[in-house]
Amino acid sequence: MDATTNALLIEGEAPLSLPAFDRIRAEHFEPAIHRAMRLHRSEVDAIAAQAAPPDFDNTVAAFDRCGALLARVTAIFHNLTASATSPALQAVQRALAAPLAAHHSAVYQQAALFERIDAVHRQRAALGLTPEQQRLVARTHRDFIRAGAQLPPEARAEFAVLQGQLAELNTRFAQNLLHDENAFTLPLPDAAAMAGLPDFVRAAARQAAADRGLDTPVITLGRSLIVPFLSFSQRRDLREAAWRAWVGRGEQAGAHDNRPVARQILALRQRQATLMGCANYADLKLADTMAQTRQRVWALLDEVWTRALPALDRERALLREAMASAGIDHPLEAWDWRYWAEQVRQARYALDDAALKPYFALPNMVAAAFECAQRLFGLQFVHRADLAAYHPDVAVYQVNDAAGAAIGLFLQDNFSRPTKRSGAWMSSLAVQHRNAPGGLPSLPIVLNNNNFARAELGTPTLLSPDDVRTLFHEFGHGLHGLLSDVGYERLSGTRVLRDFVELPSQLFEHWGQEREVLRRHARHWQTGEALPDALLDRLAAARRFGQGYETVRYTASAILDLAAHESATLVDDVVAFERELLAARGLPADTGMAHRLPHFQHLFSGDSYAAGYYVYLWAEVLEADAWNAFGEAGGAFDAAVAARLKAEIYSRGDSVEPGAAFRAFRGRDPQIEPMLRARGLLDG
C-alpha cells in the first residue's frame with residue numbers, strides 16, 4: 001500500500017486543508033504509521049550521525065523539524081479513535097499502542113542524539129540564542145531525560161519496556177470505559193418513568209434512542225443527559241439505577257473490568273519512578289510542573305478541602321429542609337442530591353434549567369463564543385462548507401485575524417454518539433510553528449469535542465448553564481492553539497506545563513457568563529425574546545449555590561489521584577484504597593466524587609493528568625486572579641487587557657516559563673483569594 005492507494009500518505013495541497021476523511025480506512029493506519037516511524041528514525045539517525053559539531057540549528061532545531069509525517073498521521077488516528085471510532089479502529093489502536101511507545105522510547109533514548117542535545121544544553125548560555133531558543137533547548141533536553149536518556153543501559157531498556165506496557169494498558173482502559181458507557185441504557189417506557197422530566201430531557205431521551213435504533217426513550221451515561229435526569233426525575237428508583245451505572249463504569253467483573261488495569265498502571269508507574277530515582281510517581285510527574293512538589297499541591301488541596309466541607313454542610317442542611325417540607329423522611333443519598341438541590345435552587349432563586357435552556361440554543365452560544373473571540377482578539381470564524389470533516393456533526397471554520405489573513409482552521413464536534421468517548425476536549429490535526437520542513441509556516445487545525453445531548457430533528461439543541469460553561473471552556477483551549485505565535489513545534493499552543501494549560505480555557509468560561517454577552521445571545525429559541533434581566537439576576541445570584549458540592553467532589557478526586565500516585569507500595573485493590581482514603585478524609589457518602597478510579601480517564605487513558613488532576617484548581621487560582629484584571633480595568637472587553645492577554649498568555653505557548661508569562665500579564669504573582677471568593681469559600 002503506497003501513496004497512491006493509502007489516503008493517509010497524501011498531503012493536501014492547500015495551506016489549510018483537511019485529510020481526505022472519506023477515503024481513509026482503518027486498514028490504512030498500520031502501514032502508514034510504520035512507514036512514518038521508519039522515516040522519523042532515519043531523520044533522527046541523520047542528525048545523530050553528523051560530523052559537524054552540535055549546535056542549535058543542526059541539532060535542536062533540526063530535531064524539532066523531525067517526524068512531520070508521523071505527527072500528521074498519528075494526529076488523524078488519535079482524533080478518529082476518540083471521536084469516530086469503530087471495532088476496526090479499536091483493533092488497530094490495540095495493535096499500535098506498543099509499537100508507537102517503543103518508537104518514542106527509541107527516539108528519546110538514542111544515545112548519540114542525546115549526546116548532541118546534551119552538548120548544546122551545556123553551552124546554551126554562550127551560543128547567542130534568543131530566549132525562545134534557550135527555552136526550546138531546555139525543554140527538549142528535559143524531554144530526553146524524562147524518557148530515560150540518562151539512565152544506565154539496563155534501566156533505560158526497562159524504562160522503555162514499561163512505556164510499551166503502559167501504552168497497551170492505557171488503550172485497554174479507555175476501550176473498556178467506552179464499552180461500559182455504550183452498554184448501558186435506562187428505558188423510559190411510559191409516563192410514570194418520565195415523571196418530573198422537562199420536555200428537553202424527554203426529547204433528548206427520544207433522540208438518544210433513535211441514535212441507537214431503539215423505539216423506547218432511553219437515558220444514557222452521557223453527562224448532558226444523565227445529569228439533568230438526576231436533577232429532575234421524580235422516580236427515585238430510576239435515579240438510583242442511573243446513578244449506580246454512572247459511578248460504576250469500569251467496575252464490572254469480566255473482560256472490561258478496569259480495576260486490574262488501573263492497579264497494573266499504578267504499579268508500572270511506580271517502577272518507572274524508582275528507575276528515575278524518585279520516591280514515587282507523583283514526585284516524578286510534579287518535577288515538571290509549576291507546582292514542582294507534592295507539598296505545594298497538598299497545601300492547595302488541603303486549604304480548599306477544609307473550606308469546602310463546611311460549605312457542603314450548609315448546602316446539605318438546605319436540601320434536608322426541602323425534603324422535610326415535602327414530607328420526605330428517607331436519608332439523603334448520592335442519587336438524591338442533584339434532585340433536591342434543583343428543588344432548593346428553584347425555591348430560593350426561582351430558577352431551573354427547564355426555564356433557562358430555551359434561551360441557550362447551541363447555535364446562539366457558538367455565535368456568542370465567536371463574537372467574544374472577535375471582540376477580544378480580532379478573530380473571525382468563517383464557515384467552510386466545502387471542507388468535509390470525519391463526521392457530519394462536525395462544523396469546519398476558517399479562522400482569520402483582524403486583517404483578514406487566515407491563521408488556522410477550527411473544527412467543532414458538539415454531539416454525543418456511541419462512537420465517541422465521553423467528556424469534552426480540545427485536540428489538533430496540526431499545530432502552529434515556523435520550523436516546518438522547507439521553511440514554510442505551519443498553521444493550526446484545532447478541534448473542539450463536546451458531548452451534548454442532541455435535540456430531535458427540527459429543533460435546536462438547548463444547553464444548560466453548565467453546558468455553556470463547557471462550550472466556552474473548550475473554546476478557550478481552542479483559542480490557545482489558534483492564537484499560538486511561536487517559532488518551534490515543541491513550544492506551540494497548549495504544549496505548556498500541565499498546571500498552566502487550563503488557565504486559558506478556564507479563564508474564557510467567564511465570558512460565557514458575562515451579562516453583556518448573555519443579553520445579546522441568550523434568546524428564546526422560539527420567540528427570540530432576550531433572557532430577561534430578572535433571570536440574569538437570579539442566574540448570577542445562584543452561581544455560588546452548589547459550589548460546596550462541586551468543590552468537594554472535584555477535590556476528592558484530586559486527593560485520590562495524588563494519594564494513589566504518591567503511594568510507594570502496591571495499590572492491590574483500587575476500590576478499597578479509594579474507599580479507605582476518602583473515609584479517612586471525611587468524604588460524605590451522600591456526595592461522592594467527580595471521578596472514581598475505575599473510570600478515571602484523566603489518569604489511566606494516558607499519563608497527561610496522572611498525579612495532576614489538581615491542575616484545574618491550580619489554574620483556577622491563576623484564572624480567577626487574571627479575570628480580576630478585566631474588572632479592575634472596567635470591563636470584560638477592555639482592549640488593553642485583552643491585548644496583553646493575547647500577547648502574554650494565549651500566543652506564548654511554552655516559549656516562556658509560565659510563571660513569568662503570568663507576571664507579564666498581571667504584573668505580579670497570582671493570589672489565591674479571588675478563587676476562594678468566587679467559590680464562596682472565603683470567610684467574611
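By the 30° and 60° cut-offs, the orientation of the rings of Y650 relative to H480 is perpendicular.
Between D143 and R490, at least one side-chain nitrogen of the basic residue sits less than 4.0 Å from a carboxylate oxygen of the acidic one, meeting the salt-bridge criterion. A salt bridge does not link R421 with E181: none of the charged nitrogens is closer than 4.0 Å to a carboxylate oxygen. Checked for salt-bridge contact, D57 and R65 miss the test: no charged N lies under 4.0 Å from a carboxylate O. Comment: K420 engages D413 in a salt bridge, judged by a side-chain N to carboxylate O separation of less than 4.0 angstrom. Under 4.0 Å is where a charged nitrogen must lie from a carboxylate oxygen, and between R122 and D118 at least one such pair does. Between E657 and R135, none of the side-chain N atoms (NZ, or NE/NH1/NH2) sits under 4.0 Å from a carboxylate O, so this pair counts as no salt bridge. With respect to the salt-bridge test (charged N to carboxylate O, under 4.0 angstrom), the residues D288 and R139 qualify.
Of the inter-residue distances, the one linking D302 atom CG with I559 atom CD1 reads 6.5 Å to the nearest 0.5 angstrom. Residue L136 holds its CG atom at 8.0 Å from CG of N435, rounded to the nearest 0.5 Å. H179 NE2 to N258 CG: the interatomic distance, rounded to the nearest 0.5 Å, is 11.5 Å.
For the pair E43 (side chain) and G67 (backbone), a donor-acceptor distance under 3.5 Å is present. Without hydrogens or angle criteria, T555 side chain to L301 main chain gives no donor-acceptor distance under 3.5 Å. Between the side chain of D499 and the backbone N or O of A291, at least one donor-acceptor pair lies under 3.5 Å. Put simply, the side chain of Q506 gets close to the backbone of Y616: a donor and an acceptor are under 3.5 Å apart.
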* Could you please spell out the steps behind the salt bridge (charged side-chain N to carboxylate O under 4.0 Å, His left out) verdict for R269 and D607? => CA-CA 9 Å; R269 286 175 176 168; D607 66 354; 6.0 Å; no
* Asked: Stepwise, does the side chain to side chain donor-acceptor pair (under 3.5 Å) test hold for N58 with R116?
  -> CA-CA 10 Å; N58 70 19; R116 293 182 66 88; 3.2 Å; yes
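Results of the ring-ring contact (aromatic ring centres under 6.0 Å, His included) test with H595 over Y554, Y613, W246 single out Y613 as the only residue that passes. The residue from F114, Y108, F56 that alone fulfils the ring-ring contact (aromatic ring centres under 6.0 Å, His included) condition with F63 is Y108.
For the pair A32 and N6, the tightest heavy-atom approach, listed with the atom from each and the gap, is CB-ND2, 3.7 Å. Taking each heavy atom of Q270 and S567 in turn, the nearest pair found is OE1-O, 3.6 Å. Annotation for L286 and A611: closest pair CD2-O, 3.6 Å, computed over non-hydrogen atoms. The heavy-atom pair separating F500 from A661 by the smallest distance is CZ-CB, 4.3 Å. Closest non-hydrogen pair, L582 versus A556, comes out as CD2-O, 3.9 Å.
Other residues, nucleotides and ligands place more than 12 heavy atoms under 6.0 Å from the CD atom of Q295.
Ring to ring, H599 and F604 are not that close: their centroids are 6.0 angstrom or more apart. Between H565 and Y281, the distance separating the two ring centers is shorter than 6.0 angstrom.
Geometric assessment of R498 against the ring of Y609 yields a positive cation-pi assignment under the 6.0 Å and 45° thresholds.
Partners of E30 according to the salt bridge (charged side-chain N to carboxylate O under 4.0 Å, His left out) rule, which considers only residues two or more places apart in sequence or in another chain, do not exist here.
Side-chain contact check for S83 versus W425: some heavy-atom pair is nearer than 4.5 Å. Counting only heavy atoms from C-beta outward, the side chains of L597 and L560 approach each other to under 4.5 Å. For the pair Q601/S422, a side-chain contact is recorded, criterion being any heavy-atom separation below 4.5 Å from C-beta on. When side chains are defined from C-beta on, V120 counts as touching L127, because their heavy atoms get closer than 4.5 Å. By the 4.5 Å heavy-atom criterion applied to side chains, R94 and Q175 are counted as neighbours. With a 4.5 Å cut-off on side-chain heavy atoms, E502 and H477 count as touching.
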